[in-house]
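Here the structure is laid out as structure tokens; the discussion comes afterwards.
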Amino acid sequence: MSKLTRPLRSVLYIPGSKDRALDKARGLACDAIIFDLEDAVTPEEKPAARATLAEALKTGGYGNRYKVIRINGLDTEWGVEDAKAAAKMDADAILLPKVGSPADLEALAEIVGDIPLWAMMETPGAMLNAPAIAAHRSLQAMVMGTNDLAKDLQTRFRADRMPLMTGLGLCVLAAKAHAIAIIDGVYNAFKDDDGLKIECDQGRDMGMDGKTLIHPAQLDVANAAFSPSEEEVDLARRQIAALEEVEASGQGVAVVDGKIVENLHVATARETLAKLDAIAALNES
């Protein structure tokens with residue numbers, strides 16, 4: 001499975017059973033959509049939701065937004081049929097909830113074949129098995145399920161998310177070690193832009209690629225937080241120019257803002273500019 005290099009700053013959950021929401025999503029400025037057949041759909045609606053979602057994806061109109069279908073767990077009465085149906089839909093990946101080990105992904109892969117898989121990381125067991133899960137050949141991304149994780153850990157809510165840091169950190173390490181994407185959990189207070197920004201910045205500082213969102217009102221904050229800032233872009237360009245100038249002259253040491261610039265800094269700078277270009281391409285199409 002090749003690394004997913006496209007922007008995933010904002011990953012919006014959309015109920016797979018709601019025609020209006022499915023239609024509205026076609027015009028939203030999100031990098032990816034998780035079409036949800038699990039938590040967002042009531043038990044009595046689940047069978048019909050498959051047909052509703054299949055028709056919406058067949059109709060199309062989602063542009064280059066990355067399309068992910070979250071099915072129900074394979075241990076539920078709906079999961080296997082969800083997987084079979086999702087494999088036939090026009091989607092880019094399938095998201096499995098409550099992944100606890102590579103065996104869970106393997107069971108799904110046996111049903112859907114070579115379709116890329118995403119894993120919900122939302123249990124203590126998943127945190128401890130993160131390296132093995134991240135190594136699965138079909139896995140393309142991890143999605144943090146922080147609400148469920150907090151419930152299982154019996155934590156108190158803290159704005160700094162300290163009780164969740166061990167689990168988040170283990171998953172970030174596993175994702176980076178295996179070159180897959182990792183998306184932060186949701187922020188429940190969808191009208192609290194300040195709190196959302198703090199949590200987005202925290203996730204970005206940790207190395208997350210983006211954030212899952214529960215409401216379109218959260219898109220602008222997440223997109224901004226996970227995009228290179230003007231200061232980061234300016235510094236990247238100056239670092240590249242400084243090192244190239246030194247290399248061309250064959251003497252001296254590259255220095256920017258009083259700090260030595262090494263090859264590793266330039267590698268990061270080039271990644272910053274590449275991300276900026278990828279975001280621009282996403283917005284133009």
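None of these values were measured; they are calculated from a predicted model.
A salt bridge links Arg70 and Asp39; the closest N-O separation between the charged side-chain nitrogens and carboxylate oxygens is under 4.0 Å. Classification of Asp257 and Lys259 as a salt-bridged pair fails, no side-chain N sitting under 4.0 Å from a carboxylate O. Salt bridge annotation for Arg161-Glu199: present, with a cationic side-chain nitrogen under 4.0 angstrom from a carboxylate oxygen. Checked for salt-bridge contact, Asp23 and Arg26 meet the test: a charged N lies under 4.0 Å from a carboxylate O. The existence of a salt bridge linking Lys197 and Asp193 is excluded, since no basic side-chain nitrogen approaches an acidic carboxylate oxygen closer than 4.0 Å. A salt bridge links Arg137 to Glu106: at least one charged side-chain nitrogen sits closer than 4.0 Å to a carboxylate oxygen. For the pair Asp209 and Arg9, the salt-bridge criterion is not met [side-chain N within less than 4.0 Å of a carboxylate O]. A salt bridge between Asp31 and Arg65 is absent, with no side-chain N of the basic residue lying under 4.0 Å from a carboxylate O of the acidic one.
Atom-to-atom distance recorded for Ser138:OG and Ile94:CD1 is 10.5 Å, nearest 0.5 angstrom. How far CD1 of Ile71 is from CG of Asp36: 11.0 Å, rounded to the nearest 0.5 Å. Taking CG of Asp184 as the start and OG1 of Thr146 as the end, the distance is 6.5 Å to the nearest 0.5 Å.
Using the six-membered ring where Trp is involved, Phe190 and His215 have ring planes that are parallel, under 30° apart on the 30 and 60° scheme.
In this structure, Lys176 places its NZ atom where more than 12 heavy-atom neighbours from other residues, nucleotides or ligands lie under 6.0 Å away. For Glu247, the CD atom counts as densely surrounded, since its 6.0 Å shell holds more than 12 non-hydrogen atoms of other residues, nucleotides or ligands. In this structure, Lys67 places its NZ atom where more than 12 heavy-atom neighbours from other residues, nucleotides or ligands lie under 6.0 Å away. More than 12 heavy atoms of other residues, nucleotides or ligands sit less than 6.0 Å from atom CG of Leu264. Atom CD of Glu230 sits in a sparse spot, with 12 or fewer heavy atoms from other residues, nucleotides or ligands closer than 6.0 Å.
Residues that satisfy the side-chain hydrogen bond (donor to acceptor under 3.5 Å, both in side chains) test with Arg6, not counting sequence neighbours, are absent from this structure.
Of the options Met127, Met121, His178, a side chain to side chain contact (heavy atoms under 4.5 Å, CB included) to Ile133 is made by Met121 and by none of the others. Partner Glu55 forms a side chain to side chain contact (heavy atoms under 4.5 Å, CB included) with one of Leu53, Thr59, Thr52 and no other, that one being Thr59.
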Next on the checklist: Please evaluate residues Asn223 and Ser10 with respect to the criterion side chain to side chain donor-acceptor pair (under 3.5 Å), reporting the C-alpha separation (whole Å), side-chain torsions for both, the decisive distance (0.1 Å), and the verdict.
Outcome noted: CA-CA 6 Å; Asn223 282 336; Ser10 50; 2.7 Å; yes
Checklist entry - Are Ile180 and Trp118 close enough, and set up right, to give a side-chain contact (heavy atoms from CB on, under 4.5 Å), and what steps lead you there? => result CA-CA 10 Å; Ile180 63 172; Trp118 287 24; over 6 Å; no
Checklist entry - Do Cys200 and Phe226 pass the side-chain contact (heavy atoms from CB on, under 4.5 Å) test, and can you show the C-alpha distance, the side-chain angles, and the key distance before you say yes or no? => result CA-CA 8 Å; Cys200 283; Phe226 288 94; 3.9 Å; yes
Checklist entry - Passes side-chain contact (heavy atoms from CB on, under 4.5 Å), Arg50 versus Trp78? Steps please. => result CA-CA 10 Å; Arg50 298 183 200 122; Trp78 311 283; 3.7 Å; yes
Next on the checklist: Could you walk me through whether Glu245 and Ile240 satisfy the side-chain contact (heavy atoms from CB on, under 4.5 Å) test, starting with their C-alpha distance in whole Å, then the side-chain angles of each, then the deciding distance to 0.1 Å, before giving a yes or no?
Outcome noted: CA-CA 9 Å; Glu245 182 179 345; Ile240 293 170; over 6 Å; no
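Pairs engaging residues 269-278 under the salt bridge (charged side-chain N to carboxylate O under 4.0 Å, His left out) rule: Glu244-Arg270 [sequence neighbours left out]. Judged as a ring pair (Phe, Tyr, Trp, His ring centres under 6.0 Å), not a single pair has a partner in residues 227-267 (not counting sequence neighbours).
Gln218 places a side-chain N or O within 3.5 Å of a backbone atom of Ile214 that can act as its donor or acceptor partner.
At a cut-off of 3.5 Å, with distance as the only test, a side-chain donor of Tyr187 or Asp192 sits close to an acceptor on the other residue. Using modelled atom types, one finds no donor on one side chain facing an acceptor on the other under 3.5 Å when comparing Glu38 with Tyr13.
Leu173 and Met208 are members of different hydrophobic clusters when ILVMFWY side chains are connected at heavy-atom separations under 4.5 Å. Hydrophobic cluster membership differs between Val11 and Ile279, with clusters built from Ile, Leu, Val, Met, Phe, Trp and Tyr side chains linked at under 4.5 angstrom.
Between Lys46 and Val41 the shortest heavy-atom distance is NZ-O, 3.1 Å.
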